[in-house]
Protein chains: 2
Amino acid sequence: MVTITPIQLQAGQVFHALSDPTRLELIQRLAGGEQCVCDLTDALKTGQSRLSFHLKVLKDAGLIRDRREGRWMYYALNEEAFEEAAELIRMLKNGDSVTRTAKRRC
Amino acid sequence: MVTITPIQLQAGQVFHALSDPTRLELIQRLAGGEQCVCDLTDALKTGQSRLSFHLKVLKDAGLIRDRREGRWMYYALNEEAFEEAAELIRMLKNGDSVTRTAKRRC
DNA sequence: ACAATACATAAACAATTATTGATGTGTCAA
DNA sequence: TTGACACATCAATAATTGTTTATGTATTGT
């Protein structure tokens, strides 16, 4: 048995979101700026519900956020979350442990 | 259809390795220094073959390395790989794209 | 109010990943 | 050389994750 801390769960969720090729592709597209789902389905040439699924995984992990404008949903990277994820990896390496996600105040 | 670049595959592999609670726990232990499998099974109180499985996932992703000493296998973090992973996340965020993993020379 | 658009969600199924128990391999001590 | 130890690997199964098709929901134009 392994005891799982809440932060390990969160870390797991974030890294899991980053572990899929389709989602990495989505992230690359969104790095170029906000896009609606229709842009993304065009770009990736794939089914809408499939993208909806992956966008949800990314959103649940906090890596992207969405905004409705009329009929369209615009998705964009949540840059902070990426910084935090990178920092998390550093903490893992340093054994600073993932038991607290101490956010540095600027 | 989504075209998958080799680097996306590698990134996927690394983040997938980081996406599991057991493996995060292993990483935390190893952050404290090299350990043999027996130390880890004691610490996590779980089956040896289960840990062997997870250690292999981490090793295949390049996050840890192993060293045999007599009957024991010692595992340790591969710190470089963690730095690269953190950098990868930054690149994702910046849209530097994951199509080349350009290693910065120091 | 109605039809069309843009998207989310659900259900059935497929594929991948993790766990468990058994067996195999290398090393050492006697 | 044999037996015990430390670990890896395999095969069967369970659990999780992803895909697809169908359907639901919000918004807009008419």
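Here is the naming used below: chain letters follow the sequence lines, and residue numbers restart at 1 for every chain.
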Partners of A:Q48 by side chain to side chain donor-acceptor pair (under 3.5 Å), sequence neighbours excluded? none
May I have the distance from [X] (atom [atom1]) to [N] (atom [atom2]), rounded to whole angstrom?
| X | N | atom1 | atom2 | answer |
| --- | --- | --- | --- | --- |
| A:Y74 | D:dT27 | OH | P | 15 Å |
| B:W72 | D:dA8 | CH2 | C1' | 17 Å |
| B:D42 | D:dC7 | CG | C1' | 14 Å |
| B:D66 | D:dA8 | CG | P | 7 Å |

Test A:L30 against every option in A:L77, A:N78, A:L63 by the side-chain contact (heavy atoms from CB on, under 4.5 Å) rule and name the one that passes. A:L77
Sugar-phosphate or base contact per nucleotide [nucleotides 11-26 of chain D; S, B, -; heavy atom under 4.0 Å]: ------SBBBBB----
Apply side chain to side chain contact (heavy atoms under 4.5 Å, CB included) to B:L51 and B:L44, showing your working. CA-CA 9 Å; B:L51 288 199; B:L44 304 208; 4.1 Å; yes
Cluster question for you: counting only ILVMFWY and a side-chain heavy-atom cut-off of under 4.5 Å, with indirect links fine, are B:V57 and B:V37 together? no
Does one hydrophobic cluster hold both A:M73 and A:L40, with members joined at side-chain heavy-atom distances below 4.5 Å? yes
Give me the first and last nucleotide of DNA chain C, going 5' to 3', that has any atom under 4.0 Å from a heavy atom of chain B. C:dT17 to C:dA29
Using a 3.5 Å distance criterion without hydrogens, assess whether the side chain of A:R23 forms a donor-acceptor pair with backbone atoms of A:H16. yes
List the atom of B:A17, the atom of B:L58, and the distance in Å for their closest heavy-atom pair. O-CD2, 3.8 Å
Heavy-atom side-chain contact between B:F82 and A:N94 under 4.5 Å: no
